[in-house]
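Whatever order the structure lists ligands and atoms in, that order sets their numbers, starting from 1.
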Amino acid sequence: MSSLEEVAQQVSVCTDCPLSKGRTKAVPGEGPADAEIMFIGEGPGFHEDQQGRPFVGPAGQFLDQLIMSAGLKREEVFIANVVKCRPPNNRDPLPGEIAACRKHLDKQIELINPKVVVTLGRYSMARFLPNQTIGKIRGRARSVEGRLIYPMYHPAAALHNQNLRKVIEEDFKAIPGLVKQGAKETQPEEPSVQQLSMFSQDQ
Ligand code: URA
């Protein structure tokens, strides 16, 4: 494989895990090959499976708002997922499915070589920062394999939770600065005790 189009082609015919059996369309991801920022979600939902495009349902609408609020355009970022086919009934992806799909995501990251990877939710976070708790490490960028990784809650978690919505909106504000900073590691303050107790859930 040598280009993003080839990755997308391979994803569209991939049968390396059982999720391929239930898909309407595979969702390889989209965005420019020279994107400085890559957002990585969990996996396609109903709307994504229908359209073959990432983050086009309700969580996607919120992500679009967040991207705009940060002064960015959706067309200038790359948006992908840990698994490229929809898990049945939007269940969490299984370890074997994530492992089978990893080669596609790895190739996309290698080809795009983004300055910043924003992980959306715990499955995406675990790709770079295994054995961590999202509530503890969200909103703090760190360098992993020479690349800045910025863990955030998944936008879907905020759809019915105003408190999480505020946290995500706040975390998003740091993204333009992270891009400028490139591969330098940041160590913002630890979240306060109050924040930790407010957001004990693990999305
Ligand atoms: N949630 C995800 O994680 N990815 C999508 O593409 C849509 C919703």
Side-chain angles (χ1 to χ4, degrees), residues 4 7-8 10-12 14 17-20 22-32 35 37-68 70 72-102 104-109 112 114 116-130 132 134-135 137-139 149-161 164-165 167-169 171-172 175 201-203:
L4 289 172
V7 179
Q10 298 225 351
V11 166
S12 71
C14 181
C17 89
L19 293 183
S20 60
R23 73 178 168 227
T24 310
K25 287 186 178 170
V27 183
E30 64 187 24
I37 310 173
M38 189 167 178
F39 291 92
I40 305 179
E42 183 175 314
F46 172 82
H47 297 280
E48 291 78 20
D49 173 72
Q50 292 290 308
Q51 297 183 37
R53 297 183 56 212
F55 282 97
V56 290
Q61 283 166 20
F62 182 39
L63 181 63
D64 286 350
Q65 279 177 30
L66 290 165
I67 288 172
M68 267 197 297
L72 302 165
K73 294 194 181 79
R74 182 171 166 128
E75 307 80 65
E76 68 185 333
V77 302
F78 198 93
I79 304 178
N81 281 304
V82 170
V83 295
K84 314 295 193 190
C85 298
R86 184 190 181 202
N89 302 314
N90 298 342
R91 68 153 166 73
D92 291 343
L94 301 174
E97 295 159 356
I98 294 171
C101 217
R102 184 175 169 128
H104 301 307
L105 182 62
D106 283 353
K107 193 71 196 176
Q108 289 173 318
I109 295 168
I112 297 162
V116 179
V117 171
V118 180
T119 63
L120 303 171
R122 60 200 158 104
Y123 290 96
S124 173
M125 173 194 72
R127 157 69 181 72
F128 302 93
L129 300 161
Q132 300 280 353
I134 196 162
I137 68 161
R138 53 134 276 275
I149 306 299
Y150 189 58
M152 286 187 45
Y153 284 121
H154 194 289
L159 292 179
H160 306 290
N161 184 327
L164 276 187
R165 193 179 177 99
V167 175
I168 293 180
E169 286 169 350
D171 286 350
F172 225 88
I175 293 175
Q201 72 207 89
D202 221 12
Q203 293 293 334

Ligand 1 to H154, heavy atom cutoff 4.0 Å, flagged ligand atoms 1 (N), 2 (C), 3 (O)

Result for side-chain contact (heavy atoms from CB on, under 4.5 Å) between V27 and one of C85, P44, S12 points to P44

CZ (F78) and CD1 (I112) are apart, to the nearest 0.5 Å, by 4.0 Å

Atom 4 (N) of ligand 1 has as its nearest protein heavy atom N81 OD1, 2.7 Å

Would a line drawn from the ring center of F62 to the ring center of H154 be shorter than 6.0 Å?
no

Checklist entry - Is R53 paired with E30 through a side-chain N to carboxylate O contact shorter than 4.0 Å? => result yes

The closest protein heavy-atom partner of atom 2 (C) of ligand 1 is G43 O, 3.0 Å

One finds that the ligand 1 atoms under 4.0 Å from a non-hydrogen atom of G41 are 3 (O)

| message | Does ligand 1 come near enough to P44 that some N or O of the ligand is less than 3.5 Å from an N or O of the residue? | response | no

Here the atoms of ligand 1 under 4.0 Å from any heavy atom belonging to E42 are 2 (C), 3 (O)

Tested for side-chain contact (heavy atoms from CB on, under 4.5 Å) against F39, the lone hit among V117, N81, I67, L66 is I67

